[in-house]
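Below you'll find the structure, written out as structure tokens, and then a few comments.
Just so you know, these numbers come straight off a predicted model, no measurement behind them. Letters go in sequence order (proteins before strands), and every chain restarts at 1.
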Amino acid sequence: MAKIRPLSGFPEWLPEQRLVEQRVLDEIRARFESYGFAPVETRSVEPLEQLTSKGATDKEIYVLRRIHAGEGDPDTGFGLHFDLTVPFARYVMQHRGELAYPFKRYQIQRVWRGERPQVGRYREFTQADIDVVDLDSLSLSFDAEMPRLLAETLAALPLPPVVTGINNRKVLEGLYRGIGIEEVTPVLRIADKLAKIGADNVRRLLGEECGLSVTQADTCLAAAQIRSTDTSFVAAVRALGVTHELLDEGLDELAFVMGELADLPAGSVVADLSIARGLDYYTGTVYEAVMPSRPELGTVCAGGRYDNLVGGSGNVRLPGVGISIGVTRMLAPILAKKQLAASRSVPTCVLVTLPADEARGVARDVTRSLRARGVPTETYHAPAKFGKQLKYAQKRGIPFVWFVPTDAAAPHEVKDLRSGEQIVADPAVWSPPDADLRPSIVRSGAG
RNA sequence: GUGGGUGUAGCUCAGUCGGUUAGAGCGCCUGUCUGUGGCACAGGAGGUCGCGGGUUCGAUUCCCGUCACUCACCCCA
């Protein structure tokens, strides 16, 4: 029998950690719904051709296979989804006649990637996605709604601050074409690495790997270094002296988005012209969010506009824009280091003690009464010394212990385990302070 | 997929220059403090030293392989 060990890249949590994750997921869902996004859940698997088309080719996909399949038998042709956007595109196509447009949906599910795990990189993790799709054309105002909702959601979470960088593919593509670059994609990839490898390396690689002239490389580098928290990036790009139709279009779009977000708290969004987002299906606005205090985590949220992901055949055209929150990436390192934990390992707020078997009836009545008032309550399972029952509550962090009377004449009492204070209480009316009703999230240590 | 590091108790780690019953701290369980927890003290459970093979009288220790974990590259939430 093999030893029981954790599986790398498949994080699991103790209850006091899972409680934090659940709270975060609840908060995200509430924010998504406050903007009117409708809930959707898709199946965990998609046909492999669905997963491998759409330009997302180099994702490591887990393939489904029956254990009793024969040696030469093919697999089932299904794979676990590696994101929520591709399944969503399939979902929209499948139900396109039944949905109301623009269709706004949110989807919070696990996804799987068969990559080598590392810090902040997992093989099974949770994403929280919002997307909007519309028929034929999609209003640019949704490009601005995404980072707004994202910023609001992240600000409400018990996590370090997150900055969302915004760019527009058309700006870079137009700019590159405007200076005579034919092969845009490899230039995008290298420019995207600016933050990681630095300006000198970007300049060198643009020359070595893309064959750019010194002036071309300098222009690309200068563009990638443009950042602004308002619309002033437009002037900075214009100053490069490049003109191209696509560039103008991209600048207009990005300026609109940044203008729409001008009221957000300072530092929550920034126009960052180095962001390219790999070579996926994005066609316009792109987003990439990072935690400045945890740069090693990399991108914690990402997304963008895709005009051709949904549809692509016939006359059906469903452009979309969306963003994905990397819940596991943001949370897992913090949970693992116990920098955030729940104040108790169980939801229980009150433990009703059981002094003797004859008291079961009374204990049950007290428990029921508390539960009816919304207080998570459990009864100790067997008559035992109070010391043992108190310890049961203590170890789980349950804040209150209820003592049923040992003789009919005596009053009920409730004890606050933290202060040690014990008071006479009426089971029909006593309630804990609101703050103690549910486990709270506690920060500890540095970070 | 490529390269480096590491595998001893639930956790963090000692240790064995190859030699009888493999250790510590924390955690866990029990008891004592006349049915009210935390503290203290006393006791206890828990390990085929990752797995397979080789060398040897003898391997947890040395060698090879393998798997797992981990770090970096690639790529990404």
Touch check for [X], heavy atoms < 4.0 angstrom, all strands: base, sugar-phosphate only, or nothing?
{"X": "A/Lys395", "value": "sugar-phosphate"}
{"X": "A/Leu7", "value": "sugar-phosphate"}
{"X": "A/Gly298", "value": "nothing"}
{"X": "A/Ala393", "value": "nothing"}

Determine the interatomic distance between [atom1] on [N] and the same-named atom on [M]; round to the nearest Å.
{"N": "B/C64", "M": "B/C13", "atom1": "P", "answer": "25 Å"}
{"N": "B/C26", "M": "B/A40", "atom1": "P", "answer": "9 Å"}
{"N": "B/C67", "M": "B/A24", "atom1": "C1'", "answer": "29 Å"}
{"N": "B/G54", "M": "B/A59", "atom1": "P", "answer": "11 Å"}
{"N": "B/C11", "M": "B/U55", "atom1": "P", "answer": "34 Å"}
{"N": "B/G27", "M": "B/C63", "atom1": "P", "answer": "37 Å"}
{"N": "B/G18", "M": "B/C62", "atom1": "C1'", "answer": "8 Å"}
{"N": "B/G3", "M": "B/U66", "atom1": "P", "answer": "12 Å"}

Strictly by Watson-Crick or wobble contacts shorter than 3.5 Å, is anything paired with [N], and which nucleotide is it?
{"N": "B/U55", "answer": "none"}
{"N": "B/G44", "answer": "B/C28"}
{"N": "B/C73", "answer": "B/G1"}
{"N": "B/A68", "answer": "B/U6"}
{"N": "B/G38", "answer": "none"}

Starting at [atom1] of [X] and ending at [atom2] of [N], how long is that distance when rounded to a whole Å?
{"X": "A/Asp416", "N": "B/G38", "atom1": "CG", "atom2": "C1'", "result": "14 Å"}
{"X": "A/Phe10", "N": "B/U70", "atom1": "CZ", "atom2": "P", "result": "12 Å"}
{"X": "A/Arg329", "N": "B/C76", "atom1": "CZ", "atom2": "P", "result": "11 Å"}
{"X": "A/Arg294", "N": "B/A77", "atom1": "CZ", "atom2": "P", "result": "19 Å"}
{"X": "A/His81", "N": "B/A77", "atom1": "NE2", "atom2": "P", "result": "14 Å"}
{"X": "A/Phe88", "N": "B/A77", "atom1": "CZ", "atom2": "C1'", "result": "18 Å"}
{"X": "A/Lys391", "N": "B/G31", "atom1": "NZ", "atom2": "P", "result": "9 Å"}
{"X": "A/Leu84", "N": "B/C76", "atom1": "CG", "atom2": "P", "result": "17 Å"}

Parallel, tilted or perpendicular: which one describes the rings of A/Tyr35 and A/Phe37, with boundaries at 30° and 60°?
tilted
Mutual orientation of the aromatic rings belonging to A/His381 and A/Tyr392 [parallel < 30°, tilted 30-60°, perpendicular > 60°]:
perpendicular
Can a donor-acceptor pair be found, under 3.5 Å and without considering hydrogens, that links the side chain of A/Ser139 to the backbone of A/Ser141?
yes
The residue, A/Arg116 or A/Thr126, whose nearest nucleotide of RNA chain B is more 5′ is A/Arg116
Closest-nucleotide mapping onto RNA chain B: is A/Gln394 or A/Val327 further toward the 5' terminus? I mean the 5' end.
A/Gln394
For the side chain of [X], starting at C-beta, report the closest nucleotide among [options].
{"X": "A/Glu115", "options": "B/U36, B/C75, B/C69", "answer": "B/C75"}
{"X": "A/Val119", "options": "B/U36, B/A72, B/U30", "answer": "B/A72"}
{"X": "A/Lys193", "options": "B/A77, B/C74, B/U30", "answer": "B/C74"}
{"X": "A/Arg189", "options": "B/C29, B/G35, B/C75", "answer": "B/C75"}
{"X": "A/Phe403", "options": "B/U70, B/G37, B/U36", "answer": "B/U36"}
{"X": "A/Gln127", "options": "B/A77, B/C69, B/G37", "answer": "B/A77"}
{"X": "A/Gln118", "options": "B/C74, B/C69, B/A77", "answer": "B/C74"}
{"X": "A/Phe386", "options": "B/G35, B/A77, B/C69", "answer": "B/G35"}

With side-chain contact (heavy atoms from CB on, under 4.5 Å) as the criterion, how do A/Phe386 and A/Gln389 come out once you've worked through the C-alpha distance, each side chain's angles and the decisive distance to 0.1 Å?
CA-CA 5 Å; A/Phe386 285 143; A/Gln389 302 193 44; 4.3 Å; yes
Can you find a donor-acceptor pair, distance only, under 3.5 Å between [X] side chain and [N] base?
{"X": "A/Gln389", "N": "B/U36", "result": "no"}
{"X": "A/Arg113", "N": "B/C76", "result": "no"}
{"X": "A/Arg121", "N": "B/A77", "result": "no"}

Taking the six-membered ring of A/Phe400 as reference, does the cationic atom of A/Arg418 (NZ for Lys, CZ for Arg) lie under 6.0 Å from its centre and within 45° of its axis?
yes
Can you tell me if the side-chain N/O atoms of A/Arg277 get under 4.0 Å from OP1 or OP2 in B/A77?
yes
Is A/Ser8 close enough to B/U70 that one of its side-chain N or O atoms is under 4.0 Å from OP1 or OP2 there?
yes
Between A/Arg360 and A/Asp357, is the closest basic N to carboxylate O distance under 4.0 Å?
yes
Centre-to-centre under 6.0 Å for A/Phe10 and A/Tyr122, is that the case here?
no
Distance flag, aromatic centroids of A/Phe32 and A/Tyr106, threshold under 6.0 Å:
yes
